[in-house]
Amino acid sequence: MKLYNSLSRKREKIEPHEPGVIRMYTCGPTVYHYAHIGNLRSYIMEDVLERHLRFIGYDVIRVMNITDVGHLSSDADTGEDKMLEGAKREQKSVMEIARYYTDAFFQDSEKLNIKKPDIVENATDCIDTYIEIIDGLIKKDYAYFEGGNVYFDTSKLDKYFVFQDIEADDLDVAVREGVVEDPNKKNPNDFVLWFTKSKFEDQALKWDSPWGVGYPGWHIECSGISLKHLGEYLDIHCGGVDNMFPHHTNEIAQSESYLGHKWCKYWMHIHHLNTTDGKMSKSSGELLTVSQLIEKGYDPLAYRFFCLQSHYRKNLVFSYENLDNAVQAYEKLIGRIARLEGEPKLHKESEEKAERLMGEFIDAMNSDLNTALAMSSLYDVLKEDIHDESKLYLLNEFDKVLALDLLKKAEEERQKAETQEENPEVEALILKRHDAKKNKDWALADKIRDNLKAKGIILKDTPEGTTWEYE
RNA sequence: GGCGCCAUAGCCAAGUGGUAAGGCGUGGGACUGCAAAUCCUUGAUCCCCGGUUCAAAUCCGGGUGGCGCCUCCA
């Protein structure tokens, strides 16, 4: 398959370091708050990538970190540890907060059919690995100790800005208001590997190290966890675009300096979910969680459908109008599938057509994860002149990658329709309405229909008679 | 200011040189007493201006606009 690689800014054919096996790393959540649906968009797209790689025959080993060590919440000097902030807000310990939001993250993920990665690792459980890497970097002279902290020396690199064509001199450091340069740094782009001299006095979690009691810098976490579980050669590293710089840039700097060779081949960056005003982010305050979506009556999988209809490298604008659009499409699609008869089974005479349809689907996914195009394969299947069972078979196959619970939902829909015989009260009313209609008493007939609707029961008049189902 | 991504119908979008897939919505029709559901049907000078070419949404140049990053964010 081909994937757009942020390093080369081109679509590249995926060729893993070890044939047949993809080692994949995902930047996980910082567990100080609920993930919002913008965060989750990234995980949905990464999940689809993983599923597709497996679908086309790769073994995938996927690792995700859980950031349970604090990061600064605003800037270097006035900032407060995020985890601590969460803890203060809720009057719980940092570890309690971390556990609570980690659980919440995976619960939300599950609702969105995001498969839990093979290995999920807490940042706080890998301190030894970070220390080993930092130690190695100091020995190789890529890092220095200054003012109580260990810094990575970016001047030792041939090319630091791997994702952009920029000269260090062109880059304004600390352009944002309130960001103050750290006088300990030899170069403006140097970054901290290990803090002992905390600028925030109340950093809650600290560990012993050769450089004193302290805690790791943000970037070392992902390098360490990836190295620990995936070894020296990583195939695909995923994350949101906003982490491209500095986080991913710094990961590469550290990891490759430490290892002495190229580390990760492909970098996949998922673009943001925007509101009509801009990025949905924790700092802008405008964010929506999965629970809130459910409270508003949305099926989380309709949100997944919404994301898959777009492309991961495109800004997607969230609005209720757009979500409702996706909800309609999703429900209609399920309705059509529910009307197919039989069990998923590929019929011999459908094989040729099925192969073509399957090929189209895989081609779309192979083409830089073109989920929008792949989704249209679902409609192609429904329209194709093949046996219903073959359609169900194909839909089921596609859904292994899309994970929209298509057949499951369709089955639920069918069962809903079958519950009608079990409610004599409703049956009686339908009969009464039938009589009213016969007598052309439209007022009474409509009243019965409206009353039932108020109870969440929808009547359907068909040539064979009236059926009903719950809304 | 520097760097990057993007720009196709009301909305979500596919399409990388040969004359605009698909989906949702809307309008019309069939069915219905009326609705709902379902089925049929309906829509685009591809952000602008130049250029290359027999031929450009697609390539090149120049604009405009939106979004992001520049040490908190996926």
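Bear in mind that the values here come from a model prediction, so they are computed numbers and not experimental data. Lettering of chains follows the sequences in order, A, B, ..., and the numbering in each one begins at 1.
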Q) Among all residues two or more places apart in sequence or in another chain, which pass the salt bridge (Lys or Arg N to Asp or Glu O under 4.0 Å) test with A:Glu331? A)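 For A:Glu331 there are no salt bridge (Lys or Arg N to Asp or Glu O under 4.0 Å) partners, ignoring immediate neighbours.
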Q: Could you tell me which residues satisfy salt bridge (Lys or Arg N to Asp or Glu O under 4.0 Å) with A:Asp153, sequence neighbours excluded, listed by chain and number?
A: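 Salt bridge (Lys or Arg N to Asp or Glu O under 4.0 Å) check on A:Asp153 returns A:Lys156.
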How would you list, by chain and number, every residue that makes a side-chain hydrogen bond (donor to acceptor under 3.5 Å, both in side chains) with [X], sequence neighbours excluded?
X        : value
A:Thr124 : A:Asp68
A:His269 : A:Ser6
A:His248 : A:Glu251

Q. Taking protein heavy atoms under 4.0 Å as touching, what does nucleotides 10-22 of chain B look like 5' to 3' if B marks base contact, S marks sugar-phosphate-only contact and - marks none?
A. -BSSSSB----BS
Q: Summarise how protein sits on nucleotides 28-34 of chain B as a single string, 5' to 3': B when a protein heavy atom is under 4.0 Å from the base, S for sugar-phosphate-only contact, - for no contact.
A: -----BB
If you restrict it to nitrogen or oxygen atoms, what contacts under 3.5 Å exist between nucleotides 58-60 of chain B and the protein, and what is each distance?
none

Compile the donor-acceptor pairs under 3.5 Å between side chains in residues 356-364 of chain A and protein atoms, sequence neighbours left out, one pair per line.
residue, atom, partner, partner atom, Å
A:Arg356, NH2, A:Glu384, OE1, 2.7

Protein and nucleotides 41-44 of chain B: nitrogen or oxygen contacts under 3.5 angstrom:
none

Q) Under a 4.5 Å cut-off applied to non-hydrogen side-chain atoms, are A:Thr466 and A:His434 in contact? A)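 The answer is no; the side chains never approach within 4.5 Å.
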**Q.** Sequence neighbours excluded - salt bridge (charged side-chain N to carboxylate O under 4.0 Å, His left out) pairs with any residue from residues 433-446 of chain A
**A.**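 Of all non-adjacent pairs touching residues 433-446 of chain A, those that pass salt bridge (charged side-chain N to carboxylate O under 4.0 Å, His left out) are A:Arg433-A:Asp461, A:Lys437-A:Asp461, A:Asp446-A:Arg449.
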Using distance only, find each side-chain donor-acceptor pair of residues 297-310 of chain A under 3.5 Å and give its atom names and separation, not counting sequence neighbours.
residue, atom, partner, partner atom, Å
A:Tyr298, OH, A:Asp324, OD1, 2.6
A:Asp299, OD1, A:Leu301, N, 2.9
A:Asp299, OD2, A:Lys409, NZ, 2.6
A:Tyr303, OH, A:Ile37, O, 2.5
A:Arg304, NE, A:Leu402, O, 2.8
A:Arg304, NE, A:Ala403, O, 3.2
A:Arg304, NH1, A:Asp47, OD2, 3.1
A:Arg304, NH1, A:Leu112, O, 2.9
A:Arg304, NH1, A:Asn113, O, 3.0
A:Arg304, NH2, A:Asp47, OD2, 2.9
A:Arg304, NH2, A:Leu402, O, 3.1

Q: Using only side-chain N and O atoms of A:Lys453, determine if any of them is under 4.0 Å from OP1 or OP2 of B:rA35.
A: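 So the side chain of A:Lys453 is outside the cut-off, no N or O lying under 4.0 Å from OP1 or OP2 of B:rA35.
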